[in-house]
Structures are given as C-alpha cells and as structure tokens.
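Quick caveat, the model's predicted, so the values are computed rather than measured. Naming convention: chains lettered A, B, ... in sequence-line order (proteins, then strands); numbering from 1 in each chain.
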There are 2 protein chains.
Amino acid sequence: MQLNKLIAFHKTVGDATRIRILSLLAAGPKNGQALAGILSLSPPTISHHLAKLKEINLVTDRRNKNTIYFHLNESVLHQYSQSLPKLIIGKDNPMTMDNSLQLEHRKIVDNFFSDGMLKTIPAQRKKKMIVLYHMAAGLKMGRKYTEKEINDYITQFHPDYATIRREFIVSRIMHRENAIYELNPRELWDEIVES
Amino acid sequence: MQLNKLIAFHKTVGDATRIRILSLLAAGPKNGQALAGILSLSPPTISHHLAKLKEINLVTDRRNKNTIYFHLNESVLHQYSQSLPKLIIGKDNPMTMDNSLQLEHRKIVDNFFSDGMLKTIPAQRKKKMIVLYHMAAGLKMGRKYTEKEINDYITQFHPDYATIRREFIVSRIMHRENAIYELNPRELWDEIVES
DNA sequence: CTTCTAATTAGATTACAATCTAATTAGATA
DNA sequence: TATCTAATTAGATTGTAATCTAATTAGAAG
C-alpha cells in the first residue's frame, strides 16, 4: 500500500456526501438513480462521487440490463483504515502501558516496591522515571482529577503524596490547570522514559 | 465520536504535507521552524497545517522558553483510524471470522490481495483456504443466496466467479441445495483452516 | 522597557473540488 | 434500425484550501 493511494483514500473519504453513499451501499448494492433520489442530488453529481470511490476500489460496479449496481468493497475499507497508523508510527495497535515494561523495567519496579508500596524514591533519574511511570499506570488517560483524588491515589503507594504529586508534574507525566490534574499524552511519556 | 469530527479527521489527514508532518512528529516532538526547514515550506504554512491538526487533537503543543514543541497524539490517531469502518458497516474488524487471522494469515492475505482484489488463486492448499476464508467473511451466516448473488459477490474480488464459487463448495465453506447457496457453520471452517 | 525569537494572523493568489444543467454515450428492447 | 433508460462527460459556477509575503503578537532575556 503506497503513500499516494493512502492519501487519496483519506481525501476521498473525507467528504460527507461520499460517506453517506458508502453507508447506503453498506446496506446492499444500489444503482445511481436510487442514490441520487435518496440523497437529493443530481445523477451527474452521484456519478462524480462514485468515480472517485471506484478509483480507489472502495466501490465496484456491475451491470444488470440497463442498470448498473454499485457495491461496497468492505475489505478495501478495512485495509485502508488500518494502514494510516502503520505508516505513521509503524504499528497499528496502541500498546498498553505495561507492554512497554521491558525486563529491565520490571527489575527496577520489583526492587523499589514491596507489597505494592514504594519503599524509597529512587535518586537516579531514570529509575525514578520508571517508578513514577509505574504508579501513573493506574490513572486514566483523559480523565480529570482533583488534588484530593490524586493525593488519595498516591497514598496507595507512599505516604508522602505531596512529593510524588510534585514529581508527576515536574516529570511532565501529568499537568495541572486550575487545581485540576490530568495525564499528559502517552507519547510524551515515552520520550521522557527513553531519555 | 460523531460524524463531523470523523469526516474532519479524514479530510485533515488526506493531505500529503500533513502526513509528512505527522511522520516527522512520530519520531519525536519538533518546533515549527524545524518542520518548515525540513519540509521546505514557510513558517505560516506550517502554522496553518498545525492548526488543523490541533483542531482534531492529533497534535498538542507545549512551550519551552521561546520555542513551542508540537507532539503527536498517537491515541487519537488510533481512535479515529478505527472509527470509519465502525460507522459505515457497524464494526471495526473484518468480521468475527477475520478476528482469527493471526499474523501469518494477515501476511498471506496481504500477499494475495491488492486493493481488495485477489491477484491469483493460491496453489498451496493452506494458503488457498485462508484466501477463501477471507473472501467468505463478507457473507452472512444463515442467509441464503442465489447463484447470481454469489457470482456478484465474488466478482468484487475476482472476475472468475465460477472457479471460486466451486472452491467455496469443495472446500466446504458453503453448501448448495436446490441452487441455493449458504455458509456452513463456523466451527466447520475452523477445523478446515487449521487442518 | 527594549529587543530578540518563534509563532500566528491578515490578505492575496492560485489550484482544486462539489455541484448543477445540457449534451452525449452505452446497452437493452422493440 | 429506432427508441428507450441509465450513466457519463462537458462546461460553467461557486466555494474551499494550500501557499506565499508582510504585519503582528507572545514570551524570554538582556
């Protein structure tokens, strides 16, 4: 799947009329005039859109007597939909936080935690980051937390919630806005932990 | 995820320049001038594209001194990429059947299909089974099909519908009774493909 | 408070895309 | 062959979007 076709796919599909056509075809093949009627558009306009959809093989046509029926090609839809993340970041599945825990990370976590409690805050930057990362894994991306909620959450790992809460901010794992706390996007974390 | 945002996503991402920006940001955060330099575009043009990417939250920005670093938000990319098939055909995975496509199956399918069309019918039994299995995934379990419907359906993958229709029968993916075609129960398939 | 740097906004240009009406084509059927 | 139907092509109009230069803003740093 090369770049140009993938861009063409997204451009083609980034149009309300064409999305409506695809939705209609998903229910079964239809001919041009039927589509024109349902969508209140002229036959040439439908022809125009179908031509674009056919260009990328999202739609195929089959004639029966005088009428041409247009069919949705579902597998092309799936193929293209899955290709963009693959192209941009080299994979198609979001990895979960714990998937990124390599053996080394696991060791460090085992060393610094006992029965789930953080024994001491690591002095080494990298180890500290891994430990913070581990604790933050239980917070929900996109959720907003009050300061009290954060404090309560942190005390499940360590009594000194103030220090650790501060570390979450300075390490840029979280940010605070008007006393509301929230996780930063995942990709930012990676950059931090790798560094 | 509502329609308008999804269309906006595809429109936004259906542009070569923005794809290049996203690819660059996937390697790590960059500031505007860096992007302008790499892409040989003016800073206002970069600003324009980044504004569109920020509108749909694909990109976030964070200031450090005088420089603003732009970050890719991977999870948004995944979310949107998976939403289109869900919207159009009511699910995001190619059929329950295709869920069983392991990596190996995926590779074979990618090899034998190009833009949804079957390039050649595999000679190896196992590969042929996987390819047939893939094509049959768009048929509905329990539904009865006329021969013409089956022919029409198959031509979306390959012009030689007669051969493939016969393969469906001999492989026991489908059966025919009084010129009516119907899928065999799933559990029969598994046994066939694994064997 | 002035100056520097990076980013954005304003405004213009150019290219492309959605839609229409009118004309044309491709097959089917009589 | 003549005619009918559905689809496409031609050509015009209108709207949107990519890109540039020039002017402006937002912070940082002296």
*To the nearest Å, how far apart are A/D15 CG and C/dC16 C1'?*
13 Å
*May I ask you to say what A/K54 touches in the nucleic acid, namely base, sugar-phosphate or nothing, with a heavy-atom cut-off under 4.0 Å?*
sugar-phosphate
*When A/E167 is tested against each of A/R125, A/K128, A/R172 for salt bridge (charged side-chain N to carboxylate O under 4.0 Å, His left out), which residue passes?*
A/K128
*asked:* Can you measure B/K52 atom NZ to D/dT19 atom P for me and round it to whole angstrom units?
replied: 11 Å
*Could you state the atom-to-atom distance from CG of B/D61 to P of D/dA26 in whole Å?*
15 Å
_Does the plane of the ring in A/H10 sit parallel, tilted or perpendicular to the ring in B/H10? Use 30° and 60° as the thresholds._
parallel
*In whole angstrom, what separates A/L50's CG from C/dT19's C1'?*
14 Å
_Between CG on residue B/N57 and CG on residue B/L77, distance to nearest 0.5 Å_ = 12.5 Å
*So, is B/K11 close to the D/dT16 phosphate, meaning a side-chain N or O under 4.0 Å from OP1 or OP2?*
no
*Do other residues, nucleotides or ligands put more than 12 heavy atoms under 6.0 Å from A/R165 CZ?*
yes
*Any donor and acceptor pair, going by atom type alone, linking the side chain of A/R176 with main-chain N or O of A/I169 inside 3.5 Å?*
no
_Hydrogens and angles aside, do B/Y69 and B/R62 bring a side-chain donor and acceptor to less than 3.5 Å of each other?_
no
*Distance, rounded to the nearest Å, where B/R62 contributes CZ and D/dG27 contributes C1'*: 18 Å
*asked:* How would you summarise protein contacts on nucleotides 20-30 of chain C per nucleotide, using B for base, S for sugar-phosphate only and - for none, with heavy-atom distances below 4.0 Å?
replied: BBB----BSS-
_Can you measure B/H48 atom NE2 to C/dA15 atom C1' for me and round it to whole angstrom units?_
13 Å
